[in-house]
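Take a look at the structure set out below.
So that the names make sense, note that chain A is the first sequence line, chain B the second, and so on, each numbered from 1.
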Amino acid sequence: MSTPTDQLLSEFIDAWNAGARPQVEDYLQRAVPGERDELAERLEDWLLVAPSPAYDAQALASIRAEPGYVGALAEIEAVGLWPEVLPRLRERAGLKLRELAGRITAAFGLPGEEARAEGYLERMEAGDLDASRVSRRLLDALGTALGVPAADLLRAGGVRPAAAPGQALFRAERYAAASFEADLEALSRAALTPAPEPMDELDRLFVGGPDA
Amino acid sequence: MGLRDEELLRRFVACRDAGDADGARRCWVGLIDANHDRIRAMVDLRASRYRLSPTERDDAVQLALVNLWKNMVRTFKGSTMGEWVLSTRQLVDFACRQVQRDAAKRSGRQTSLDAGTGDSEAANPDWKLDELSWQKHRRDEERGEASDFVAWALPQVDDERQRVVIERTLDGVPAEDIAQELDVTVANLYKIRERAVKSIGRLWPRWEGS
């Protein structure tokens with residue numbers, strides 16, 4: 001038997017305020033089919049103004065174990081604050097991206113690699129490069145060019161001690177839940193694919209790991 | 001959204017501006033602890049429109065959270081939760097659309113009509129987020145701290161009983177207690193509360209356009 005939408009909305013609100021973690025799906029299912037859209041709109045109205053509930057320890061642990069939460073945290077740990085900090089420091093140093101790339105290639109004796117270095121730097125600033133894979137040598141050179149200690153760049157990148165191999169292997173990536181099957185396929189294809197080109201010096205600086 | 005959320009938001013901005021990634025991440029975790037279910041519910045409300053499977057809903061939550069972090073790291077300047085929740089809703093929309101597109105690419109599944117394909121947003125979904133963030137910050141700067149939606153909206157709810165009900169509801173008071181306070185039946189309270197939530201919801205477009 002279906003329940004009126006006003007009652008369902010109120011039940012959801014009271015459960016929300018009590019920190020009982022109500023699921024919208026359960027409430028929509030209980031509504032008259034023709035009234036589900038209306039209920040969904042009211043639930044959205046509520047969610048936009050609803051106070052954050054005071055969750056107990058058990059609820060909080062459940063939230064932190066949600067796949068989307070776990071996966072997001074893993075991604076964020078790889079990005080840190082570089083998207084905010086690096087462009088600001090570069091601007092302060094009065095350098096264009098190409099000029100910074102020039103400083104880096106000069107520091108490592110890599111003439112002719114400015115365009116690739118610029119591409120890597122662009123990815124760093126966009127948060128698309130894993131901070132834990134950037135070499136300490138590069139951070140030293142970047143720090144010199146930008147006028148800050150390399151340790152500050154590390155701190156802004158949020159780089160932590162490397163994960164143990166097991167942790168690294170199972171770290172969640174974007175779309176972890178849906179892409180498991182695709183990953184298996186990719187692994188089987190990879191097993192049959194020739195090894196990639198070895199990293200050159202520039203690759204090692206940007207993605208070769210802290211000791212590269 | 002309590003003061004705690006607003007305090008976490010302010011601390012996040014302070015840590016970010018000081019280049020303290022660990023501090024910013026701690027504040028972000030606190031915010032997401034408190035707001036994960038709001039984001040999850042927003043995703044669930046869109047799940048049928050975008051035909052998202054249960055695992056794709058998880059992916060949409062993850063993508064929304066990551067984009068939220070990126071937007072907060074890159075451009076967020078405000079400190080009011082009203083704006084934060086509103087921009088979160090936009091991020092949830094984009095995340096659901098993006099996950100649907102990615103799933104369609106993987107499976108050859110058709111996207112729904114309202115998702116669109118082949119546009120510049122599909123080619124580079126971040127441009128739209130950046131543009132929205134920029135617009136939002138401009139509004140933030142124009143309106144400053146007074147931009148908190150609830151504080152703005154409540155006085156504009158004409159019906160006295162609706163206003164009391166929404167205030168008490170936002171204070172976390174259960175339906176039965178509010179009904180007793182107003183001397184109405186619980187069934188009546190449900191109706192008033194639904195109308196009150198609807199009244200508040202109708203004010204968003206005016207606030208966004210103001």
Would B:D22 and B:R25 count as a salt bridge (charged side-chain N to carboxylate O under 4.0 Å, His left out) if you check the C-alpha gap in whole Å, the side-chain angles of each, and the deciding distance to 0.1 Å?
CA-CA 5 Å; B:D22 277 346; B:R25 191 160 39 216; 2.5 Å; yes
Structural part of [X] lying under 4.5 Å from a heavy atom of chain A:
| X | value |
| --- | --- |
| B:D171 | neither |
| B:I200 | side chain |
| B:A41 | both |
| B:V43 | neither |

Looking at A:E25, A:R88, A:R21, which has the largest count of heavy-atom pairs under 4.5 Å with chain B?
A:R21
Is it the side chain or the backbone of [X] that comes within 4.5 Å of chain B heavy atoms, both, or neither?
| X | result |
| --- | --- |
| A:L28 | side chain |
| A:D6 | both |
| A:I76 | both |
| A:L60 | side chain |

Take B:T88 and B:R38 through the side-chain hydrogen bond (donor to acceptor under 3.5 Å, both in side chains) test and state the conclusion after the steps.
CA-CA 10 Å; B:T88 298; B:R38 188 192 314 273; over 6 Å; no
Below 4.0 angstrom, N of the basic side chain to O of the carboxylate: do A:D140 and A:R136 qualify?
no
Regarding A:R42 and A:E38, does a basic nitrogen lie under 4.0 Å from an acidic carboxylate oxygen?
yes
Parallel, tilted or perpendicular, judged at 30° and 60°: which one describes the rings of A:Y69 and B:H36?
tilted
Mind checking whether B:F149 and B:W152 have parallel, tilted or perpendicular rings, split at 30° and 60°?
tilted
